[in-house]
There are 2 protein chains.
Amino acid sequence: MATSERASARPISAADYRRLAAFRHALRRFLAFSEAAARKAGITPQQHQALLAIKGAPSAAGVTVGYLARQLLLQPNSAAELADRMVNCGLLVRGEAADDRRRVLLCLTPSAEKALQALSTAHIRELRESAPVVDGLLELLKPGGAKSHRRQRTAST
Amino acid sequence: MATSERASARPISAADYRRLAAFRHALRRFLAFSEAAARKAGITPQQHQALLAIKGAPSAAGVTVGYLARQLLLQPNSAAELADRMVNCGLLVRGEAADDRRRVLLCLTPSAEKALQALSTAHIRELRESAPVVDGLLELLKPGGAKSHRRQRTAST
DNA sequence: GCGACTATATCGTGTCACGATATAATTCAA
DNA sequence: TTGAATTATATCGTGACACGATATAGTCGC
């Protein structure tokens, strides 16, 4: 069974590995840019993500800890800890939901708004530059990339 | 100066924040998929990244610790520690470069090859599915992105 | 051969997410 | 209503991992 496992049935070509590696490298570069930008703005990368998730939420009146956890793909307790650190940093304020007093509404402070705006401007600029690169890398993996059935027109490479 | 800083000269619209948040959420989802896949294969996400970086490198005879550090955007000492953990796990073997005995050549073991192949297959499949989504989100941020086809050039908000 | 430089390794530290658990608030059934 | 089950958030101890500072080994120019 180990010999004909489905996952190993179709060998990956050297070109596939190169493309995957290049894609992940591009991803890391973007994330590194983002982290550096956040730290330059005086906040941690996770805090930046949290600010964006809150600011980009449908409800403009603040979001709950649970919402933050779902957006950031964190466990609820981790989101509560993150929110706690951000409150201590003066980035967020906690409020209570009127209808359900278990819930805590997280709202950005003015300084957080300011930092997020600057970061968002920089990120939009960066994305406009690097999007074509990522696009190109995704393109290579998408169509007949690892190819198996269809033949693509060989562009040399 | 703080009031008219360049970074804050152009306010970001609510739609921009939503788009940026959606983009980052999609990115986190992909990374979460990747992490879960790696852990299911019995390795850590960083180890998976390292295996891919090594396997996708131009030289097929192993890569140096320094190369690994540059590809993963880590400090050299962190790459050495990562390599150390991977050798202890039986994922890598260290070899010496013939021309420069300071250098260490990292090579995948058979079990690492097997794990990486399975992971790569899963990742290519996942990327083919989620690429259109990421594409769409990038599209929105790219061109005139933040805005609208109609009536841009706004002087207002 | 000697000093400057490069490549890798070691050690102590700090951050952060997690599991387990606790506390508070809501819901629902009887 | 009461009170058990459920949901939302918070607390605490732990572990993984990247880092800075530093150490060691190897190479190169002179």
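Note on naming: letters A, B, ... go to the chains in the order of the sequence lines (proteins, then strands), and numbering restarts at 1 for each one.
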With distance as the sole criterion, is a donor-acceptor pair present between the side chains of B:R29 and B:S130 under 3.5 Å? no
Provide, to the nearest angstrom, the distance between the [atom1] atom belonging to [X] and the [atom2] atom belonging to [N].
{"X": "A:E96", "N": "D:dT9", "atom1": "CD", "atom2": "P", "value": "11 Å"}
{"X": "B:L68", "N": "C:dA9", "atom1": "CG", "atom2": "C1'", "value": "14 Å"}
{"X": "B:M86", "N": "D:dC17", "atom1": "CE", "atom2": "P", "value": "11 Å"}
{"X": "A:E35", "N": "C:dT15", "atom1": "CD", "atom2": "P", "value": "15 Å"}
{"X": "B:R85", "N": "C:dT10", "atom1": "CZ", "atom2": "C1'", "value": "13 Å"}
{"X": "A:R70", "N": "D:dT7", "atom1": "CZ", "atom2": "P", "value": "12 Å"}
{"X": "B:N88", "N": "D:dC17", "atom1": "CG", "atom2": "P", "value": "12 Å"}
{"X": "A:Q49", "N": "C:dT15", "atom1": "CD", "atom2": "P", "value": "19 Å"}

Please tell me which of A:D99 and B:D100 maps to the more 5' nucleotide of DNA chain C, matching each residue to the nucleotide holding its nearest heavy atom. B:D100
Of A:A98 and A:P76, whose nearest nucleotide on DNA chain C comes first from the 5' end? A:P76
Closest nucleotide among [options] to the [X] side chain:
{"X": "A:T64", "options": "D:dT9, C:dA9, C:dA25", "answer": "D:dT9"}
{"X": "B:R103", "options": "D:dA10, C:dA7, C:dA25", "answer": "C:dA7"}
{"X": "A:A80", "options": "D:dG20, D:dT9, C:dT26", "answer": "D:dT9"}

When all nucleic acid strands are considered with a 4.0 Å heavy-atom cut-off, which category describes A:L74: base, sugar-phosphate, or nothing? sugar-phosphate
Under 4.0 Å, counting only non-hydrogen atoms across every strand here, what does B:N77 touch: a base, just sugar-phosphate, or nothing? base
Can you find a donor-acceptor pair, distance only, under 3.5 Å between B:E81 side chain and C:dC11 base? yes
Answer yes or no: side-chain N or O of A:R102 and base N or O of D:dT7 forming a donor-acceptor pair under 3.5 Å. yes
Using the rule given for side chain to side chain contact (heavy atoms under 4.5 Å, CB included), can you reason through B:L52 versus A:R24, listing the C-alpha separation, both sets of side-chain angles and the distance that settles it, and then say yes or no? CA-CA 9 Å; B:L52 183 59; A:R24 293 306 287 252; 3.7 Å; yes
Which distance, rounded to the nearest 0.5 Å, do you find between the CG of B:L51 and the CG of B:L91? 5.5 Å
Any non-hydrogen side-chain atom of A:K55 less than 4.5 Å from a side-chain atom of A:E113? yes
Are B:H123 and B:F33 near enough that their ring centres are under 6.0 Å apart? yes
May I ask you to evaluate whether A:R94 reaches the phosphate of D:dA10, defined as a side-chain N or O under 4.0 Å from OP1 or OP2? yes
